[in-house]
Structures are given as structure tokens and as C-alpha cells.
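Here is the structure we will look at, set down as C-alpha cells.
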Amino acid sequence: MLEKNLEILEKYLPRYKNETIQHLINGEATPSVSGATFDNSTPIDNSFMGKIAAGDAQDIDKAAQAAHTAFKEWRNWSAADRRAVMHKIADLIVKNKEEIAVLESYDTGQAIRFMSKAAERGAENFRFYADKVIDAQNGSSLPDKDHINFTMRQPIGAVGIITPWNTPFMLSTWKIAPALAAGCTVVHKPAELSPVTANRLAELAHEAGLPKGVWNVVQGLGEKAGKALTEHPLIKAIGFVGETITGQHIMRQGAATLKRVHFELGGKNPVIVFDDADLDRAVDAVIFMIYSLNGERCTSSSRLLLQRSIYDSFLEKVAERVRKIKVGHPLDPKTEIGPLVSAGHLKKVLSYVKIGKDEGAKLVVGGCTDVAMQRLYDGGNFFSPTLFADANISMRLAQEEVFGPFLTVLPFDTEQEAVALANNIQYGLAGYVWTNDIGKAHRLARDLETGMVWVNSENVRHLPTPFGGVKNSGIGRDGGEYSFDFYMETKNIAIAYGTHKIPKLGI
């Protein structure tokens, strides 16, 4: 199967190696005004994958102007027409799912076993919001004695979307589909470490019949293209997924134009396992939620809190499984962990191994580059799945987001201690609780300082539900109707019956 996927790659890769990938502005492939480019590489061996246009403020301005102009038309499209074109986009995503999956895997290092579903999940996002277009403007009826009050939602205008390098295709659809359904137009700045599928997605949207200017893509570095996007006066809002520090920069940069912001930021999510849980299912969920997707996911359960009565036995089960996780070429269907996204990120993850040892935590499994894969692909960013135990809440391993296949285990004795350990952190994105005690489950779900809690489950997304964090993990919610709260303004309209008394002055 690896050979088959390599053949598919060879079918699509030449385009990216042989020509510079340009911006997509007003429906046209557009080079940077400055002519600047940057090199893109694959994390498998850090070899050259292609040249990408490097945008700056001039390119962002062109895209923002195009989106601003297109908004006047797009906002007035009928719900039926908007729904139809969004379903066509979904159809084309599915039609091209093989290309999308292979390119995404090669570009990011994510295992094809997960990326093979990326296109299908992206198409599902578009279909979900296509079917919600007709409800997007709906409001409430709020009558009083002398007036009819009703609300309606209206799109805010051109918006900026900045997406990260982990699962970039799916996350792009997750942000852009509701914006289009709301009637907004988009300037998308993808992460420079994973630029390939962003252009392909926008191309498919135009092939489906999306009007020019509605969806623009400007490639480039965050400090230039990203900063210009967050500061541009025609961009009414910024939807961002990424690091907490970057979110802080975006908030400052958008302050002068009173930019509305929606942030999905970092996480150091606890998975709490009590001794009364279904331990076999808990083991499966714990391992999946930190070692799938290379551990490069905001909702990963990177802190395992184990009740002391099961600490040793549960830890050994986890360690035994982690030792067997297969690190390999991302296009091999047998691979469970591929290379990390960049050499710089590999260096960061490796640095936490030394930090953990210096702090006195116990290295149980991994903690190094994968020697066999390093030899096979000289220069690749392969890292062995890593497990540290016997940590405490004061350690950096228990406080800081590593963002890799890296699990830290802490013991606890009581329910109250588990809650205190889980909450004693700057982040608050997700929490996972394993117990068969219904009362305890409800108490933990209530008391955890997170935006989302899964009980007796890994992260299973249900599209109508709100997705987002508290504290340093984010602002706002995605999903279902919640996305429209960000991309639309709510307007109240009051119409008098003509029966109320109007105060008189100057008589």
C-alpha cells in the first residue's frame, strides 16, 4: 500500500515541484507583488517540495479589497443558491479526496491512516453548513405590550482566517464553511509549514462556481502576511487556530480597528481515570488521544491523571502499548506516527525530554528520535512516542504544551485532588473523565475549567455542538449555530403598534 500511495503522490507532486504556488486573489493565481517566495519541504526527509509565494501587506491589501467588493454580491445570494454551491464544493472535495489526503500527508508528516479521512471530514463540514444557510439569518421574536421586536442576523463582511499546520485541510473547512454560509467573504492565510492543500481547496471552490473574490488565499509568513491581515481595516474579524502567544499578538494587532476575534489556542488537556472506570476502554482512549495525529492536536489528552490505586497497573498497560506504536513513512497505511512537521518543532519536542529528566520525572518509554527511521530517511523529523511518569503539577512537563506524541502521568488520590490538579494550569480547552459513577461524572464535568468535557469517551466531534476553550485556550465557540454568532451581527428591529405614549417636550 505504501507503493500505491507513492504512485499517487508522483501523479500530483510535479505541479508543486515544478511551478511556484501563487496566491489565489479574486479568483486568479497571483504572484506576490514583491516577487518573494519561500521553499516548502516535506518532513519525511526535509527535502524540497516546492516554492510558495511569500505574501506581505501589499498582497493582503489586494485580497482584502477583492473580498470587500465581492461581499456586496455574495451577501445577497439567495439561500438556495449559496447552499447549492457549497454542496458542489463538498462534492468536488470527495471527488479529489485521494489527492488531498496524499498531499496533506506528505506536506505535514501526518499518517495517511488519519489523513485519508481529512477530505471526507472537510466535505462533511461544507455539507453541514450548506444545509444551515437557510437558517443563518434567523433570529428571535421578542414582543412586548406596545411593540413587535424581532431580531435578524446579518453577515459582518470580509473576514480573515488564519489556520495552523496540523490537519490544515480539515481545519480550513471548519472555519471557512460557516463564514461562507453566513454570507461573509474570506481572506485565508494558511500556515507556512503546510501551504499546499489551502490553494487546492480554494481552487475546487471556484470550480464549483463560487464567485471571484469570495474566497482568497494569501500564502506567507505570519509576521508579514498574518500581521497585515490582522491589521487591515477592511477585514472585520479574524478567526485563528494556533498558539496562545500568537493569539495574543493578533489581539493587539487588531485592537486599532476593533477587530472581532475568535481564537482556538493551546491546550494541556487532562484525562482523569478513576479506579471505577472501564479500564480497558480508558487505555484505548488515553493512547489514541495523545499519540494519534503525531500528538500535534490542540485537544490531545497530554496529561494523564491516574488514581493511585490503579496507578502502577494502568501505567504498565499504557507503556506496553506505547512501545508497540509504529513510527514510519506517513504514506504507509501501517504507520501510526509519522515525522513531526518541521526540524524546528522536532527540536522543541526533544527539549522537553531533557526538561522532564532534569525535573525528576521518570522516562518510561521513548524520549529520542526514532533511530531506524532517521537512518532510512536521513534528516527526517521522526520522534519516538514518549511517556513520562511520576510527575507533579509544578513541573513544566505538567504545565506546558509540548504538542507532540508525549504523555505525562500524574497520580492523585481523591476526586477533589483530581479536579485541583486538572484546573491548576493556564489552559482550559478540553477535559476527559473516565468513571462509572454517574454522580462523580457530573461533578467532574461541572467543575473542570474547560470549554469541553468528554466522559467515558475520546474526542468525538458532533458538528452542532460548541467547540472552544476558556482561560488561555481561546475565545468564542465554533460549531452549529455558535459559528454564526461570530460571523454575523444580530440586529433588533422594533415596530410600534401605535398605542404607546410618546413623551412630549417643548409644549
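Computed from heavy atoms alone, side chains included, the values below leave out hydrogens, waters and symmetry copies. Predicted, not measured: the structure shown is a model, and the values here were computed from it. FYI, the numbering just counts along the sequence from 1.
- Sorted by first and then second residue, the pairs that involve residues 344-365 and meet ring pair (Phe, Tyr, Trp, His ring centres under 6.0 Å), not counting sequence neighbours, are Trp165-His345.
- Around atom CD of Glu243, no more than 12 heavy atoms belonging to other residues, nucleotides or ligands sit under 6.0 Å away.
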Could you walk me through whether Lys347 and Leu340 pass side chain to side chain contact (heavy atoms under 4.5 Å, CB included), step by step?
CA-CA 10 Å; Lys347 184 178 179 181; Leu340 303 186; over 6 Å; no
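- Ion pairing between Glu400 and Lys268 fails under the 4.0 Å rule for side-chain N and carboxylate O.
- The existence of a salt bridge linking Asp91 and Lys95 is excluded, since no basic side-chain nitrogen approaches an acidic carboxylate oxygen closer than 4.0 Å.
- Using modelled atom types, one side-chain atom of Ser473 and one backbone atom of Gly266 make a donor-acceptor pair closer than 3.5 Å.
- Other residues, nucleotides and ligands place more than 12 heavy atoms under 6.0 Å from the NZ atom of Lys471.
- Residues Ile310 and Leu279 share a closest heavy-atom pair of CD1-CD2, 3.9 Å.
- Residue-environment remark: NZ (Lys88) stays at or below the threshold of 12 foreign heavy atoms within 6.0 Å.
- There is no side-chain donor-acceptor pair under 3.5 Å between Asn166 and Glu296.
- Across all their heavy atoms, Ser34 and Ala54 have their closest contact at OG-O, 4.3 Å.
- Leu305 contributes atom CG, which lies 14.0 Å from atom OH of Tyr432 (distance to the nearest 0.5 angstrom).
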Kindly indicate, with the supporting measurements, whether the criterion side chain to side chain donor-acceptor pair (under 3.5 Å) is fulfilled by Asn40 and Asp107.
CA-CA 8 Å; Asn40 185 36; Asp107 194 21; 3.0 Å; yes
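- In this structure, Glu98 places its CD atom where only 12 or fewer heavy-atom neighbours from other residues, nucleotides or ligands lie under 6.0 Å away.
- Within 6.0 Å of NZ on Lys362 lie no more than 12 heavy atoms contributed by other residues, nucleotides or ligands.
- Looking at Leu24 and His188, their side chains never come closer than 4.5 Å, going by heavy atoms from C-beta outward.
- Side-chain atoms of Asp59 come within 3.5 Å of backbone atoms of Asp56 as a donor-acceptor pair (strictly under, hydrogens ignored).
- No side-chain donor from either of Asp278 and Asn456 sits under 3.5 Å from a side-chain acceptor of the other.
- Salt-bridge annotation for Glu359 and Arg396: absent, with no side-chain N of the basic residue lying under 4.0 Å from a carboxylate O of the acidic one.
- Using the six-membered ring where Trp is involved, Phe412 and Phe274 have ring planes that are perpendicular, over 60° apart on the 30 and 60° scheme.
- For Glu104 and Lys117, the salt-bridge test fails: no basic side-chain N is under 4.0 Å from an acidic carboxylate O.
- Counting only N and O atoms by type, the side chains of Tyr377 and Asp370 include no donor and acceptor under 3.5 Å apart.
- No more than 12 heavy atoms of other residues, nucleotides or ligands sit less than 6.0 Å from atom OH of Tyr482.
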Evaluate the criterion side chain to side chain contact (heavy atoms under 4.5 Å, CB included) for residue pair Ser302 and Glu401; output intermediate values, then yes/no.
CA-CA 8 Å; Ser302 53; Glu401 185 178 39; over 6 Å; no
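- No salt bridge links Glu458 with Arg461; every basic N to acidic carboxylate O contact stays at or beyond 4.0 Å.
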Should Asn96 and Tyr12 be marked as a side chain to side chain donor-acceptor pair (under 3.5 Å) after you check the CA-CA gap, both sets of side-chain angles, and the distance that decides it?
CA-CA 11 Å; Asn96 292 274; Tyr12 298 110; 5.8 Å; no
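- Closest heavy-atom contact between Gln374 and Leu346: NE2-CD2, 4.2 Å.
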Chi angles and distances behind the side chain to side chain donor-acceptor pair (under 3.5 Å) call for Asn199, Gln22
CA-CA 8 Å; Asn199 274 56; Gln22 310 289 6; over 6 Å; no
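- Residues Tyr487 and His262 place their aromatic rings such that the two centres sit no closer than 6.0 Å.
- Ion pairing of Glu203 with Arg200 is present here, as a side-chain N (NZ or NE/NH1/NH2) and a carboxylate O approach within less than 4.0 Å.
- Classification of the Phe388-Phe406 ring pair by plane angle, with boundaries at 30° and 60°, yields parallel.
- Side chain of Ser41 to main chain of Phe48: no donor-acceptor pair is present (N/O by atom type, distance under 3.5 Å, no hydrogens or angles).
- Side-chain contact check for Tyr129 and Ser483: at least one donor-acceptor pair (N or O, by modelled atom type) lies under 3.5 Å.
- Residues passing the side-chain hydrogen bond (donor to acceptor under 3.5 Å, both in side chains) test with Lys224, sequence neighbours excluded: none.
- Between Glu7 and Lys11 there is no salt bridge, since none of the side-chain N atoms of the basic residue sits less than 4.0 Å from a carboxylate O of the acidic one.
- Across all their heavy atoms, Ser292 and Arg297 have their closest contact at OG-NH1, 2.6 Å.
- By the 4.0 Å N-to-carboxylate-O rule, Arg113 lies too far from Asp332 to be salt-bridged with it.
- Counting heavy atoms of neighbouring residues, nucleotides and ligands inside a 6.0 Å radius, atom CD1 of Ile245 does not exceed 12 of them.
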